[in-house]
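Proteins come first, then strands; the chains are lettered A, B, ... in the order of their sequence lines, and each starts at number 1.
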2 protein chains.
Amino acid sequence: MSDERAAANARTRNRGIPDATVARLPIYLRALHTLADAGQRTVSSEELATVAGVNSAKLRKDLSHLGSYGTRGVGYDVAVLVDTISQALGLTQRWAVALVGVGNLGHALAGYAGFASRGFRIAALLDADPDRVGERLHGMVVRHIDELPAVVAEGSVSIGVIATPANAAQDVCDRLVAVGVTSILNFAPCVLSVPDNVDVRKVDLSIELQILSFHESRKAALTSLPSALSDDGEDEYDEAVGP
Amino acid sequence: MSDERAAANARTRNRGIPDATVARLPIYLRALHTLADAGQRTVSSEELATVAGVNSAKLRKDLSHLGSYGTRGVGYDVAVLVDTISQALGLTQRWAVALVGVGNLGHALAGYAGFASRGFRIAALLDADPDRVGERLHGMVVRHIDELPAVVAEGSVSIGVIATPANAAQDVCDRLVAVGVTSILNFAPCVLSVPDNVDVRKVDLSIELQILSFHESRKAALTSLPSALSDDGEDEYDEAVGP
DNA sequence: AGCCGCTTGTGAACGTTCGCACAAAGTCAA
DNA sequence: TTGACTTTGTGCGAACGTTCACAAGCGGCT
């Protein structure tokens, strides 16, 4: 019964690295690559934090979670940090990815340079539409979704990307899970249900726009008021609670 | 000092919807549309929560923030809830969006149905590449980025979408800000710096994959161990509450 | 009318995340 | 070696987010 608590603890403790930190590591990694390309050898938490757009204390705490030690008085060695973060994220191996759905978005994803540059290899393009099967795309041939088991067996695929319409997404998801895929990136605008051992992350373009819409309409409401706030639109990150 | 409660109340009651809630409202909205299309008139928090993939208590608390009242013993009126959430998100007006960058991703975004269906209108497609200017795309003609001021003046654009390469993103961003755009959705893999009154949201495809990579390598490490965890990693959305 | 079962709305406990502030630990110059 | 200076790593309190649990309220059945 009390295992719920234990499970939650185990998750947090075992994993060691907090989710919020994991979500930021790729940002640091990109910033570090930029710095490395510019020839910079070491970087302070302050500088890296500025480039990455975060607070420097947060950055240092994040890095402390993965045991990477900088040098006090100097900063972090860029190359070492790149290695450490890559290791933590599991990017030292090349993951094989199966991309399902070769519509507009699928086309864009197939050609997205950011995948290859971070160690992801698109192992196969799949689609259910017979008209699309056989099409050449970025040096690969689109195969039929029924070939999924073969594809996975060939290339030890463990990550699937779903770029199908919403009504096909759950079916594709089930097929992916059935052949052993345990991580799924879902671009379809729907909620997927999966077994506990499968991770799903969702990217929804229209949701992001709707969130912007919220903030935008709030800004519009504020500017229409004569003098609600003082000199600035500073309103949500700071509440004027006296110390 | 004792105003803590009062301050929290004021913020909550006023219009201060927590960010985490705002981020979920679009999900509820989509689920509600699905239910409405299926002809359902009312919905309980339990049912809606299941469809949306969240905890029902969280759903109720979220909804309570926007003052929408359900009926105890019955649930929420689907139509009323759609209206209330749409209102809260500012989706009762049609926002005009300028899409900058008509590469692979830009093409996909221009054709993305999810925009129009939620009240967003793509007012213009823009690109810096003269070869792309003039191209017809989903019923629109690609215009040069230099026409941005005219575009904004024509259609009162207040939201910009950046789908350019990373090295062009900050420049495009500055131009957007200069002509009065106050909300930006950034698909370029870089951090944008903007004035305080401008909101930026970032969508980064490779970051999501890297986060999956982290969990995936974590899982791989676990399965190679003999018996680290018991039978299960009970995680998310399910209440193990006894009957 | 009165009771019963269902569902909402929310107080309270808990867990997570954030950012300040500072001691510890290093470099560099003389 | 010593001392001034820089930067890391972290303890701590506050803010935020999540979940439980239950009183309050509503509809329907008898």
Check: If you count the non-hydrogen atoms of other residues, nucleotides and ligands that lie under 6.0 Å from CD in A/Gln87, is the total more than 12?
Finding: no
Next item on the list: For residues B/Gln210 and A/Leu91, determine if any side-chain heavy atom of one lies less than 4.5 Å from a side-chain heavy atom of the other.
Entry: yes
Note to self: Contact between A/Glu216 and A/Lys219 at the side-chain level, heavy atoms closer than 4.5 Å - yes or no?
What the structure shows: yes
Notebook entry, point to check: Separation of B/Tyr69 atom OH from C/dT7 atom C1', in whole Å?
Noted result: 16 Å
Notebook entry, point to check: What is the distance, rounded to the nearest whole Å, between atom NZ of A/Lys58 and atom P of D/dC16?
Noted result: 13 Å
Notebook entry, point to check: How long is the line joining CZ of B/Arg60 and C1' of D/dG17, in whole Å?
Noted result: 16 Å
Item checked: Whole angstrom value for the distance that separates P of C/dG9 from CG of B/Leu63 -> 8 Å
Notebook entry, point to check: Taking for each residue the nucleotide of DNA chain C bearing the nearest heavy atom, is the 5' side occupied by A/Asp62 or by A/Val74?
Noted result: A/Asp62
Margin query: Using OP1 and OP2 only, check whether a side-chain N or O of A/Lys61 sits under 4.0 Å from D/dT10.
Written below: no
Checklist line | Closest to side chain of A/Tyr76, choosing from D/dT19, D/dG9, D/dC12 | finding: D/dG9
Check: Between B/Asp174 and B/Gln170, does any side-chain donor sit less than 3.5 Å from a side-chain acceptor?
Finding: yes
Item checked: Gap between atoms CG and P, on A/Leu48 and D/dT7 respectively (whole Å) -> 14 Å
Notebook entry, point to check: Below 4.0 angstrom from OP1 or OP2 of C/dT8, is there any side-chain N or O of B/Ser45?
Noted result: yes
Check: Could you give the CG-to-C1' distance, from A/Leu59 to D/dT10, as a whole number of Å?
Finding: 14 Å
Check: Can you tell me if the side-chain N/O atoms of B/Arg72 get under 4.0 Å from OP1 or OP2 in C/dT10?
Finding: no
Checklist line | Along DNA chain D (nearest heavy atom to each residue), the more 5'-positioned of A/Gly73 and A/Ala57 | finding: A/Gly73
Check: Taking only side-chain nitrogens and oxygens of B/Asn55, does any of them come within less than 4.0 Å of OP1 or OP2 of D/dC20?
Finding: yes
Next item on the list: Send over the distance from B/Asp19 CG to C/dT16 C1', rounded to a whole Å.
Entry: 16 Å
Item checked: Donor-acceptor pair between A/Gln93 and B/Ser217 side chains, under 3.5 angstrom -> no
Check: Once you round it to whole Å, what is the distance between C1' of C/dG9 and CG of B/Leu66?
Finding: 13 Å
